[in-house]
Protein chains: 2
Amino acid sequence: MLTIGKLGASAGVKVPTIRYYEQIGLLPEAERSAGNQRLYSRKALDRLAFIRHARDLGFTLEAIRDLLSLSDEPDQSCAAADAIAKAQLAEVESRLVRLTALKAELERMVVQCAGGRIANCRVIEVLGNHSLCTTDHQHPEGDTPA
Amino acid sequence: MLTIGKLGASAGVKVPTIRYYEQIGLLPEAERSAGNQRLYSRKALDRLAFIRHARDLGFTLEAIRDLLSLSDEPDQSCAAADAIAKAQLAEVESRLVRLTALKAELERMVVQCAGGRIANCRVIEVLGNHSLCTTDHQHPEGDTPA
DNA sequence: ATTGAAGCTATAGTAGCTATAGCTATTAGG
DNA sequence: CCTAATAGCTATAGCTACTATAGCTTCAAT
């Protein structure tokens, strides 16, 4: 059995984050020692590593919740899991497109800055006037960064 | 003079967002009509458009605060503005790198899913076992998504 | 026995908004 | 002129996914 600190170190997750996952029901309530400290099994480590890995791939906690309950039913079709992964892929792809446009625009801004006074600064000027942009950039709002 | 609704429509910013920007001091306190409603000048529209554009390019509100105060001093050197833009570009570039790795990994997962039972689902399997990954993906944490 | 690290709970804070409740002001139509 | 719809107002709470803090207890080592 692992203490919460060891568990966190093993899975690469901070201790408060583990408690947070328990609080929101992503991890089951841990067993407790005589002194009321959480104790974790190897199975708990697997589950946490799963969560960590999915987070690294940018899945939301909601998606992870679904993936976890799917993984608890090995006989079910994996179509649902596949759909979640595909949605995440689509999300990442669309973010890549927009980020690429952003990068191009920022590069243009930075390159054009001649290093003079603010009054002539291309950075400030472009920010104040979208029509100076070449691309139709727009940031992806309201979703996870990954 | 524009009402807050017209201003928002002109700049592509929602009304509560404008009030929020005022609240955090990004926009100055608006003049008020006899009936206590906010009234905005053309100058306010320019400022809001600037903010909107910078947000679209992924700048944080903190960075925008700095850019705005720089733009208020036309005689200053634009080195600081340039530095902020360069930092944002670097941020976007590093996010692009990580997102690209994520995309590759997600594609691998999705392609390998044969559409059978969860027990054999590649998606679930890969999530549970990072060593099945080829890339060293890791999501960019704690920053704006754009 | 004592000290330091690690654990506990509960609460608040982070970014950048968005939503809600409950009110008042303005405007268009009849 | 009156009314009803729309737009505005304030204040507060909620969102994601944590992170930080305060003030306490337990544990491991010396």
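Scope of the values below: all heavy atoms of this structure, side chains included, with no hydrogens, waters or symmetry mates. Naming convention: chains lettered A, B, ... in sequence-line order (proteins, then strands); numbering from 1 in each chain.
- As rounded to whole Å, 13 Å separates atom C1' of D:dA17 from atom CZ of A:R52.
- Proximity of B:R38 to the phosphate of D:dT10: a side-chain N or O atom is located under 4.0 Å from OP1 or OP2.
- Under a cut-off of 6.0 angstrom, the local environment of CD in A:E31 is sparse, with at most 12 non-hydrogen atoms contributed by other residues, nucleotides or ligands.
- Residue A:R32 places at least one side-chain N or O under 4.0 Å from the OP1 or OP2 atom of C:dT9.
- Rounded to whole Å, the distance from CD1 on B:I24 to P on C:dA15 is 9 Å.
- Rounded to whole Å, the distance from CD on B:Q23 to C1' on C:dT18 is 13 Å.
- Atom CD in A:E22 sits about 12 Å away from atom C1' in C:dT9, given to the nearest Å.
- By the side chain to side chain contact (heavy atoms under 4.5 Å, CB included) test, A:R32 is found to be paired with A:E22, A:N36, A:R38, residues two or more places apart in sequence or in another chain being considered.
- Other residues sharing a hydrophobic cluster with B:M1 under the 4.5 Å side-chain heavy-atom criterion for ILVMFWY residues are B:L39.
- Within the structure, every side-chain polar atom (N or O) of A:K14 is placed at least 4.0 Å from both OP1 and OP2 of D:dC18.
- With rounding to whole Å, B:Y20 atom OH is found 7 Å from C:dA15 atom P.
- What separates CZ of B:R65 from C1' of C:dA15 is a distance of 12 Å, to the nearest Å.
- The environment of B:E93 atom CD is dense: over 12 non-hydrogen atoms of other residues, nucleotides or ligands sit within 6.0 angstrom.
- Residues satisfying the side chain to side chain contact (heavy atoms under 4.5 Å, CB included) test with B:C78, not counting sequence neighbours, are A:C113, A:I118, A:C121.
- Summarising the geometry, the separation between CZ on A:R19 and C1' on D:dC18 is reported as 13 Å, rounded to the nearest angstrom.
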Shorter than 3.5 Å, N or O on both sides, protein versus nucleotides 22-25 of chain C: list them out with atom names.
none

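- Applying the salt bridge (Lys or Arg N to Asp or Glu O under 4.0 Å) test to pairs two or more places apart or on separate chains, those with a residue in residues 111-123 of chain B are B:R122-B:E125.
- The side chain of A:Y21 places an N or O atom within less than 4.0 Å of a non-bridging phosphate oxygen (OP1 or OP2) of D:dC18.
- Residue B:L7 contributes atom CG, which lies 15 Å from atom P of D:dA7 at whole-angstrom precision.
- Taking side-chain N and O atoms only, A:T60 has no distance below 4.0 Å to OP1 or OP2 of D:dT16.
- Take B:A80 and apply the side chain to side chain contact (heavy atoms under 4.5 Å, CB included) test, not counting sequence neighbours, and it matches B:L70.
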